[in-house]
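First up is the structure itself, then whatever we jot down about it.
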Amino acid sequence: MTGLDMRFDLPEHKQLVHTLVIPVRWGDMDAAGHVNNTLYFRYFETVRLDWLRLADSAIYEDGTGPVIVNAFCSFLRQLRFPGDVVARHYVGQAGRSSIETFFTLERADEPGQPCATGGGKLVWTDMKTERSIPLPDWLRALAVTDAG
């Protein structure tokens with residue numbers, strides 16, 4: 001982000017970990033006839049949770065799991081009903097208890113033309129104490145180690 005430009009650019013170095021096709025529902029649209037901006041974050045959440053569920057079914061069952069501490073979205077093109085959204089989930093660099101996550105959304109019938117990009121920081125947390133704990137080894141192994 002530079003100057004007055006509020007668009008966040010995704011880093012070049014990120015690891016694709018999951019892709020999910022999500023149908024646009026009629027109720028996802030707002031009065032202007034396009035998908036409401038809040039739903040873009042719901043699509044991010046949907047692909048992230050589907051990936052976590054597939055990656056480790058013990059998440060939350062063992063009292064630990066991810067908490068999102070910040071999130072951003074750059075809206076590039078409008079999404080409309082009917083259609084399917086191809087949501088891609090990436091991971092970036094990891095810290096002790098956190099990892100960068102990134103997303104792209106595009107219409108299935110318009111491949112290669114992103115409608116939105118976004119991301120956020122995921123912090124692994126002990127749900128009982130509400131304190132951060134080290135990332136699980138399986139998640140750390142997916143992290144990008146060389147950002148340059």
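Atom set for the values below is all heavy atoms of this structure, side chains included, hydrogens, waters and symmetry mates excluded. FYI, the numbering just counts along the sequence from 1.
When side chains are defined from C-beta on, W51 counts as touching V91, because their heavy atoms get closer than 4.5 Å. The side-chain heavy atoms of D84 and P23, taken from C-beta on, include a pair separated by under 4.5 Å. Between L105 and F75 there is no side-chain heavy-atom pair separated by less than 4.5 Å. You'll find the side chain of P66 reaches within 4.5 Å of the side chain of W124, heavy atoms only. At least one side-chain heavy atom of T104 sits less than 4.5 Å from a side-chain heavy atom of Y90.
Connection of V17 to V86 is not established within any shared hydrophobic cluster, with ILVMFWY side chains joined at heavy-atom distances below 4.5 Å, either directly or through further cluster members. Hydrophobic clustering places L142 together with I68 (ILVMFWY residues linked when any side-chain heavy atoms are closer than 4.5 Å, directly or through intermediates).
The CD atom of Q15 sits 10.0 Å away from the CD1 atom of I99 when rounded to the nearest 0.5 Å. One distance of note links CG of L122 with CG of L52; it measures 6.5 Å at 0.5 Å rounding. One finds the CE atom of M127 at 8.0 Å from the CD1 atom of I133 (value rounded to the nearest 0.5 Å). Summarising the geometry, atom CD belonging to E106 is positioned 10.0 Å from atom CG belonging to L79; distances are rounded to the nearest 0.5 Å. The distance from the CG atom of L49 to the CZ atom of F44 is 13.5 Å, given to the nearest 0.5 Å. Rounded to the nearest 0.5 angstrom, R42 CZ and R25 CZ are separated by 7.5 Å.
For V47 against A87, the heavy-atom pair with the smallest separation is CG2-O, 3.7 Å. Scanning all heavy atoms of the two residues, the minimum distance from A108 to P111 falls at O-CD, 3.7 Å. Here the shortest heavy-atom pairing between A55 and W138 reads CB-CZ3, 3.6 Å. Here the shortest heavy-atom pairing between F41 and A71 reads CE2-CB, 3.9 Å. Nearest heavy-atom pair across D126 and T129 is OD1-N, 3.1 Å. Nearest heavy-atom pair, G118 versus L10, reported as atom, atom and distance to 0.1 Å: O-CD2, 3.4 Å.
Surrounding CG of D109 are more than 12 heavy atoms belonging to other residues, nucleotides or ligands, all under 6.0 Å away. Sparse packing is recorded around CH2 of W26, with 12 or fewer heavy atoms of other residues, nucleotides or ligands lying under 6.0 Å away. Other residues, nucleotides and ligands contribute more than 12 heavy atoms inside 6.0 Å of the CZ atom of R77.
A donor-acceptor contact shorter than 3.5 Å links the side chain of N70 to the backbone of K121. With T125 contributing its side chain and E130 its backbone, the two residues share no donor-acceptor pair below 3.5 Å. Using modelled atom types, one side-chain atom of R140 and one backbone atom of G95 make a donor-acceptor pair closer than 3.5 Å.
The pair D50-R53 counts as a salt bridge, with a side-chain nitrogen and a carboxylate oxygen less than 4.0 angstrom apart.
For the ring pair (Phe, Tyr, Trp, His ring centres under 6.0 Å) with H89, the lone residue among Y43, F102, F103 that qualifies is F103.
With sequence neighbours excluded, the residues forming a ring pair (Phe, Tyr, Trp, His ring centres under 6.0 Å) with F72 are F8, listed by chain and number.
Between the side chains of S132 and R96, at least one donor-acceptor pair of N or O atoms lies under 3.5 Å.
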